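What follows is a set of notes on a single structure, which appears directly below.
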Amino acid sequence: MANQELFKKVLSHAKEYGFVFPSSEIYDGLSAVYDYGQQGVALKKNLRDYWWKAMVQLNDNIVGLDAAILMHPTTWKASGHVDAFNDPLIDNKDSKKRYRADVLVEDYVGKLDTKIEKEVKKAAKRFGDAFDKAQFLSTNPRVVGYKEKGDAILKRLGKSLEKEDLADVKSLIEELEIVCPVSGSKNWTEVKQFNLMFGTKLGASAESATELYLRPETAQGIFVNFLNVQKTGRMKLPFGIAQTGKAFRNEIVARQFIFRMREFEQMEMQFFIPPGTQKEWYAHWKETRLKWHHSLGLGEDNYRFHDHEKLAHYADAACDIEFKFPFGFKELEGIHSRTDFDLSSHEEFSGKKLQYFDPERQENYVPYVLETSIGLDRLFLAVFSNSLQEETLEDGSSRTVLRLPAVVAPTKVAVLPLVKKDGLPDIAKSFVDELKWDMTVAYDEKDAVGRRYRRQDALGTPFCITVDHQTLEDQTVTIRYRDSMAQERLTLPEAKAKINAAVSFQNWLGDI
Ligand code: GAP
């Protein structure tokens, strides 16, 4: 499927099969806010578990936390969000549409990347087996030109944003002759900063109410609890605190479905380390997190690192793990070396010490922090869009199949009686009762079995078990595999063991 076509299909499939709905749809929805349906909530939970197991359960020096969404307002002063959590915005005077100035420039560079990809595809076709992609990328004059141009643009953008030189960001947009996608004009306003936090109020009367913010990241809940966890858990550095939960941002350019939402979920881990060790831990977490992504089996070529030119106010090094979404490579996860910025700042604003006594160094200090931060909704979109495939079968017919990694599939197995008579439904239901203690199971008796297989393919169910007349005689069932569509005759315990192995966390995460 072409990318645009795939993306349209992702949206319609997500809705049609109960994965994602627009929020409050009966009132025409709320822009960039979405609800997860009966299938989506299960996939989302499984992805969250996959992260939690890898980060918390499998690391004896990482513990969990569930901090509140509402926090004391000084938190956001200390974290820098009140002063610096801004997006540079620009309006087009003709269409009256508002854009993120940096996104306009990044999209321009994205188009250069698409041109590079096209050149690579053409050359690969021309040279066949002899094609050396790395050599082509480093020597083809046109490709090298696009790459150099893109790098230079991003470098300048990063520098201008870092220096808050918004006039230069506007000049860049003008020099690149970027036009408004709606009006097609280059009639731009100046670039202005806009704070992304949602404000709210705590208290009964307008006079006594305290201004609060909905948290724009989960990380600060971890920082303010650093000593609580360290002391009560008797944690020794290096150690991590992980948390998953909602975050809120008043995104101006909210688009691309669940990629950029106003209410979304983050999975963050702050790893507290002795000062001076941040370089090695930065390398460690970059590698570990990339391996975790690869373990999902979506294709290693679909990931790449992108080092930040413009560092956030708290970081001394930062990169993104980008994923190839249907609309191109975009940030999926951030890895940030946050220094002692947050803890030191909370010390200053709260007047409370947030220090650790290091028994080896025999000194007190404010730990440094390495952060890994991934958006659960973006992970959902990555997995969902990569898994959705339209296949032409040998007989010329086509099928839609959602090749979700079995470990995160909402339903692991569907049990289907071949026909709705001869006692087959009762046996199938008894198998459901037996299997449901260990895995998520669906039961389906409507329509011909072929149609039921297709329905489970579209839902991403990796296995179907069919109960037929032979089951009455020898207790065997047919197990049908989603990806190959192959079928095999097994006893129920054999089928159960096969499915358990295929969805076992150990088999998926064992190598990372
Ligand atoms: N604590 C650091 C932090 O929040 P970030 O790069 O702003 O860093 C981390 O966000 C991750 O959260 C991103 O890599 C992305 O996956 C996700 N994310 C950020 N804004 C989002 C949004 N508006 N909608 C969905 N996911 C978002």
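Note that this is a predicted model, so its numbers are computed, not measured. Remember, it's 1-based here, ligands and their atoms both numbered in the order they're listed.
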Could you tell me which atoms of ligand 1, counted from 1 in the order shown, lie closer than 4.0 angstrom to a heavy atom of Glu331? 6 (O), 13 (C), 14 (O)
Would you kindly say whether Asp165 and Ser160 are connected by a side-chain donor-acceptor distance under 3.5 Å? no
When you measure from the centre of the six-membered ring of Phe248, is the NZ or CZ of Arg262 closer than 6.0 Å and no more than 45° off the axis? no
Part of Leu332 within contact of ligand 1 (heavy atoms, under 4.0 Å): backbone
Relative to the heavy atoms of Glu217, which atoms of ligand 1 are at a distance of less than 4.0 Å? 1 (N), 2 (C), 3 (C), 4 (O)
Is the shortest N/O to N/O distance between Glu251 and ligand 1 below 3.5 Å? yes
Show, in sequence, the C-alpha distance, side-chain angles and deciding distance for Phe259 and Phe327, and conclude whether the ring-ring contact (aromatic ring centres under 6.0 Å, His included) test is met. CA-CA 10 Å; Phe259 180 80; Phe327 37 81; 5.4 Å; yes
Enumerated ligand 1 atoms positioned under 4.0 Å from heavy atoms of Gly375: 11 (C), 12 (O), 15 (C), 16 (O), 17 (C)
So is Arg361 actually on top of Tyr365's ring, under 6.0 Å and inside 45° of the axis? yes
Basic-acidic side-chain contact under 4.0 Å: Asp91, Lys96: no
Compare every heavy atom of Phe85 with every heavy atom of Arg249, then report the nearest pair and how far apart it is. NE-CZ, 3.5 Å
Quick test: of every protein heavy atom, which one is nearest to atom 10 (O) of ligand 1, and how far off is it to 0.1 Å? Gln266 NE2, 3.4 Å
Return a yes/no value for Glu268: is any of its N or O atoms, backbone included, closer than 3.5 angstrom to an N or O of ligand 1? yes
What do you reckon, does Pro216 have a nitrogen or oxygen under 3.5 Å from a nitrogen or oxygen of ligand 1? no
For Phe305, is the NZ or CZ atom of Lys286 found under 6.0 angstrom from the centre of its six-membered ring and inside 45 degrees of the ring axis? yes
How far is atom 15 (C) of ligand 1 from the closest protein heavy atom, and which atom is that? Arg378 NH1, 3.5 Å
Short N-O contact, Glu371 and Arg338, less than 4.0 angstrom: yes
Report yes or no: is the cationic atom of Arg289 (NZ for Lys, CZ for Arg) closer than 6.0 Å to the six-membered ring centre of Trp285, at no more than 45° off its axis? no
Near Gly334, which atoms of ligand 1 are under 4.0 Å from a heavy atom of that residue? 14 (O)
Shortest protein heavy-atom distance from atom 24 (N) of ligand 1, along with the residue and atom involved: Met261 N, 2.8 Å
Can you sort out which atoms of ligand 1 are near Arg338, meaning under 4.0 Å from one of its heavy atoms? 1 (N), 2 (C)
Quick check on contacts: which atoms of ligand 1 are under 4.0 angstrom from a heavy atom of Glu333? 14 (O)
Classify the side-chain pair Gln355/Glu347 by whether it contains a donor and acceptor separated by less than 3.5 Å. yes
Between Ile258 and ligand 1, does any nitrogen or oxygen pair lie at a separation below 3.5 Å? no
Report yes or no: is the cationic atom of Arg304 (NZ for Lys, CZ for Arg) under 6.0 Å from the centre of the six-membered ring of Phe329, at an angle within 45° of the ring normal? yes
Hey, which atoms in ligand 1 end up nearer than 4.0 Å to a heavy atom of His336? 2 (C), 8 (O)
For atom 25 (C) of ligand 1, what is the nearest protein heavy atom, given as residue, atom name and distance? Phe259 O, 3.2 Å
Heavy-atom contacts with Glu371 under 4.0 Å: which atoms of ligand 1 show up? List them by number with element. 1 (N), 2 (C)
List the closest protein heavy-atom neighbour of atom 9 (C) of ligand 1: residue, atom name, distance to the nearest 0.1 Å. Ser373 OG, 3.0 Å
Would you say Ala219 and ligand 1 have an N/O pair spaced under 3.5 Å apart? no
Is Asp377 in polar range of ligand 1, meaning some N or O pair under 3.5 Å apart? no
Identify the heavy atoms of Tyr99 and Pro181 that sit nearest to each other, and give their distance. OH-CD, 3.3 Å
Heavy-atom nearest neighbour in the protein, as seen from atom 18 (N) of ligand 1, with distance rounded to 0.1 Å: Phe264 CE1, 3.5 Å
Please say whether the positively charged group of Lys44, taken as NZ for Lys or CZ for Arg, lies over the ring of Phe380, i.e. under 6.0 angstrom from the six-membered ring centre and within 45 degrees of the axis. no
Ligand 1 versus Arg249, non-hydrogen atoms closer than 4.0 Å: side chain, backbone, both, neither? side chain
